[in-house]
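Just the heavy atoms: all of them, side chains too, but no hydrogens, waters or symmetry mates, feed the values below. Below, read A as the first sequence line, B as the second, and so on, with proteins coming before strands; counting in each chain starts at 1. This is a predicted model, so every value here is computed, not measured.
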Amino acid sequence: MIVINIDVMLAKRKMTVTQLSEKVGITIANISILKNGKAKAIKIETLNKICAALACQPGDILEYRDE
Amino acid sequence: MTQKSLANWVKLIVLGIGIFGVIVFGIVTPMWASTDMFTTSFFSCYYWHWIGFLGVATIPCYIVLVYVWKIANQIALNNSFSIENSYYLRNISIIVAGNTAFFFIVNVIYLALGISSLSILIVSMIFVLIGISITLCAALISHLVYKAAKLQEQSDLTI
């Protein structure tokens, strides 16, 4: 399954979840859904905004793990 | 009309139908059946057969009203397309199907036993057709609500 590792990039950029949610324009609840692996899909637009906010590549936050 | 007001209207109508049913089947029908029109006719020996039959046939209707109330609660919580609602609709379909079958079978048995007449059986077919229609509609809507609930879940969990 695809896992979204936002915590590592947030720590590297010294950014809080609240600051990320404000920059990306999605709620903290939705960020939590992403972090907890409960999201069923992510829009390219959202991925764009997260990568722009964290100044990273999609591969830095997306990881595939065997279930 | 907002969801909350729709839910309140549905609950009001459910309450009204419930009270109306109690008045019609609990008070008016027994009183009407004990008038001269029936006590001196073919039905005079079978008063309790018919009152009991109608009473038993009314109980599943009240169970359906409970499910409709539960659906209205879900609508009020902005949870119209939910798995719970699809299950409630499925249960309504099953209950109505069972009650319709019961209604038809007892009518046929009463005719065979001489407690009823052919004209009553023919008129009761209208209620059987209504029951079959409600069964089909509830089953189909249950399936559609289930699919919609799955789409809603997909949409809610798309960030």
Problem - B:Ile120-B:Phe53 co-clustered via ILVMFWY side chain contacts under 4.5 Å - result: yes

Exercise for the section: Give a yes or no on whether B:Phe20 atom CZ has more than 12 heavy-atom contacts from other residues, nucleotides or ligands under 6.0 Å away. Expected result: no

Exercise for the section: Would you check if the side chain of A:Thr46 reaches a backbone N or O of B:Ile159 as a donor-acceptor pair within less than 3.5 Å? Expected result: yes

Handout entry: A:Ile44 atom CD1: more than 12 heavy-atom contacts under 6.0 Å
Key = no

Practice task
Look at atom CZ of B:Phe102 and say whether more than 12 heavy atoms of other residues, nucleotides or ligands are closer to it than 6.0 Å.
Solution key: yes

Exercise for the section: Count the heavy atoms of every other residue, nucleotide or ligand shown that sit under 6.0 Å from OH of B:Tyr110, and state whether that count exceeds 12. Expected result: yes

Exercise for the section: Consider only side-chain heavy atoms of I, L, V, M, F, W and Y, link residues closer than 4.5 Å, and tell whether B:Leu6 and B:Ile92 are in one cluster. Expected result: yes

Exercise for the section: Would you please go through residues 18-41 of chain A and name the residues with a non-hydrogen atom below 4.5 Å from one of chain B, in numerical order? Expected result: A:Ile26, A:Asn30, A:Ile33, A:Leu34, A:Lys38, A:Ala39, A:Lys40, A:Ala41

